[in-house]
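Heads up: the structure comes next, in structure tokens.
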Amino acid sequence: MAVVDKGMKILVVDDFATMRRIIRNILKQLGFEKIDEAEDGGQAFQKLQIGDYDFVVTDWNMPNVTGLELLKKVRADAKLKSLPVLMVTAEADKEQVIEAVKAGVNNYVIKPFTADVLKEKIDKIFEKLKK
Amino acid sequence: MEVFTATEGVLQLVTFTLGSEEYAVDILKVQEINRMTDITMVPNAPSYVEGVINLRGKVIPVVNLRKKFGIMDKENDKDSRIMIVDIRGITMGLVVDSVSEVLRVPANIVEPTPPMATDAGTEFINGIAKLQDRLIILLDIDKLIEKTGELSMF
Amino acid sequence: MADEMDEIISDFLIETTELIEGLNQKFVELEADISNQDLINDIFRSVHTIKGASGFLGFNQMVELTHITESVMKKIKDGDLVLVPRVMDVILESIDMVKVLLEHIKAKDGIEEDLGDMLGKLKAVYDGVSADKPKKEPPPSSGQQDVFVESSVPDQADVEQELLAEAEDEGSADAGDEQNAKHIGELLVEDGKVSENDVDDALTIQDMIKESVDTGMVPKVGEILTATAKASGEEVKKVLAKQAPTPEKDKLQVEQTIRVDVERLDNVLNLVGELVLARNRLMKTSSGLEAKFTDSSEIALLAELTAFINLITTDLQLAVMKTRMQPVKKVFNKFPRMVRDLSRTMKKEVELRLSGEETELDKSIIEEIGDPLVHLIRNSVDHGIEMPDVRESAGKSRHGMIVLSAYQEGNNIVLAIEDDGKGIDVEVLREKIVEKGFSTYEELERMSTKEVLEFIFLPGFSTAKQVSDVSGRGVGMDVVKTNISKLNGNISIETDKGKGTKFLLRLPLTLAIIQALMVGVGREVYAIPLASVVETVKLNQKDLKTIRGKETVILRDEVVPVYRLARKFMIDAPSSNGAERVYLVVIVVGEKKFGMMVDKLFGQEEVVIKSIEGFSNNADGIAGATITGDGKVVLILDPAVMFSGAGQAR
């Protein structure tokens, strides 16, 4: 399995504070320490431009700027375009997944998920990136 | 619900006097005991509500137990104390003639209240502890505001 | 770990409760404007969010309930279900059930509600419409096998998809699927139909879906490819167009705003309150020392420092208060739409004009003021403004006008809702009062119009007859009044038959600190909120006149009734024992003036309102207490209560 750098800086994006906390908590369980949060895609994008994040975990359905819009902005940004993004959503809606992949998502996880599932997804993303 | 906290059959009580009788409440109900201080009268409150005082920035009501129990009124003096208690989450002061001591008594010496035995209405009384030469009336202070929710209307 | 979990759950409870509260408001708006896509989206998202978090926290009943509610909302969102009142009722009921479930979570009682009935109703709503509208989604269930939406591919693509599906079927099932797919992919690439990247993507997607969903419904690569090709069209362009770079300004905002728990702000506010009290005491002590030791340089320095601290404290207090201030715009903004839609449903022509939206109020007041305003504005549209024809024949313009304004008046903020409608017919109102048994004609005869109007605010008065479609799920005027009183505010009505009605809400700027006039009666000191004080007058008791058994005084040709505070509070005081020189504090309640007789005036002071333990608010004109510079408790009077109908009767 790929060794993922536990020191990487992760941005968790969700409009619901409780969800951010839950995801942060799971990430902590997996040994990640540098975790920052943003309330929606807009705020996340601002943060991404300023701070050097290594990984983004974003919710899909958010007010203002959605997760998908954020993803597209990231991919369209010269500096951020290769930033790995994991999308979180409550539904495994086929069309949604397709849209996300078209937009360049690295992987996709469905709520609720366990720490193991999240670990697997993260491992997969970084394994693939190494190739 | 246990009104008095008995640890291994021993009750810990704070005793005080009202007129000629000696009363006690569970020590856990008592937050502190203060000397008399300026009491601000509250207009149109029930007569036994002496008023309100400043307890370190908190404004709390003070009840005169003599008046509440219908014992003849007397001027407050140097022995008078305001006993700060917590009744159902409400912090309030009780004016008493004097506070005697903290007492530990075995739970088994407490007897049920004989009717008409004391000045205080029997509804507030939980029992009577008989010591060698003393009779101590155990008060159930929760009942002070339980009956009609009186304090909330004063 | 357990603590962390507890904290998360308590966060969840707070946040979800907030969401639900927001939802209720949104539903009210949505009810008036059932096609408001923004609102529907908001509501959908809220339910979706609650479901998502509940899943993590293992609140299975919540997941079950919100899942199906969400499905119903999705159908509404997609335009497959019309939000008729019956559907709204069921959705609202399910939101109420969410609240019930939240209570169980809060109480940790482990009680499971019987959701069967509720789920059945939701499902019926969901199914009911899909029966007459043959549409996409299969009926939902809490399981995930149903979440796939069958893609409705355009005709041309349909053929293509079928071909692909056939080709795959030949190659057969799951195990060989990937390889098989590669074949098709390769073919397609050769044909120039798709790029290699597309095939890669399709495989990734299939992978992800397989991982995420443990059902047999993993779509075939071919399907994904066609669907993907379809998705790449206009939609992407649309989203890309939206992506214009965010202006620099936003960036600053993001960086400079932080979210603070209101509890923390409250705590700071309380501490500042304590500081204000300590400052007051310090100033008193300092000026006492100054008077005593006139030529001590140390004392002079102390006085200087005290003055400095005084200034800082005042500024700090203001600054802290400001952190909690929000413009009323936040509440006002939703009304134009509401009025427009309301008037449309009622076939009236109504324009809402806003003024003073920048006026700021304490956050907690802003939060509480929305519902009462909704009610009052609905009331104005519903009962105030007449039908266009009626207006015309009364010589008015067909167009009714409602003006919602906010302005500061001393230490108060006034919110006014004024309409140019038919006004309240006080005679009819009198009849109604008697008919409902609230009073008798004799009693009403002795009352002023203003007092008669007050009956509108009595519990059970306004609710019964006023239930129309619009005011429907509404509350009575009594609830409006109660809510305003809770905020230390008051409400009054002015009406002119045929010309219109005006509701005035007077609210304190902040709930914590007020300017007060300190007065003395006998040995007692009381604080009167300065906001309600018009003037103070030095008075000789000989100047009092008795009119119909009531003591009055004439101030600049105005007859002002006099109330002796000493008598009212049964205090032994010079003013009630015939002292000649007394003071009169002239107070205005609503639009009416009263004179309150006191012995002494001590001047103006800033006081921190404190509640009294175990003291309920409906007491005899006591708004709370404060602690003065010397540590004593002083009661704060509530003139609004003292001089309202009940108070006067004593």
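Proteins get letters first, then strands, A, B, ... in listed order; numbering begins at 1 in each.
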TODO: Compare all side-chain heavy atoms of C:Phe56 with those of A:Met19 and state whether any distance is below 4.5 angstrom.
DONE: yes
Open item on the list: Counting only non-hydrogen atoms closer than 4.5 Å, does C:Ile9 touch chain A with its backbone (N, CA, C, O), its side chain (CB onward), both, or neither?
Closed with: neither
TODO: Could you grab the distance from atom NZ of A:Lys111 to atom OG1 of C:Thr49, nearest 0.5 Å is fine?
DONE: 6.0 Å
Task: A:Lys28 atom NZ, over 12 foreign heavy atoms within 6.0 Å - done: no
Open item on the list: To the closest 0.5 Å, what do you measure between CZ (A:Arg21) and CG (C:Asp11)?
Closed with: 4.5 Å
- [ ] Residue by residue, scan residues 10-18 of chain A and write down, ordered by number, those that have a heavy-atom distance under 4.5 Å to chain C; if none do, write 'none'.
- [x] A:Asp15, A:Phe16, A:Ala17, A:Thr18
Task: Spatial distance of atom CG (C:Asn41) from atom OG1 (A:Thr66) [nearest 0.5 Å] - done: 11.0 Å
- [ ] Could you pull out all residues at least two apart from C:Arg45 that satisfy salt bridge (charged side-chain N to carboxylate O under 4.0 Å, His left out)?
- [x] C:Asp42
Open item on the list: At a 4.5 Å cut-off on heavy atoms, which part of C:Thr16 comes close to chain A: side chain, backbone, both, or neither?
Closed with: both
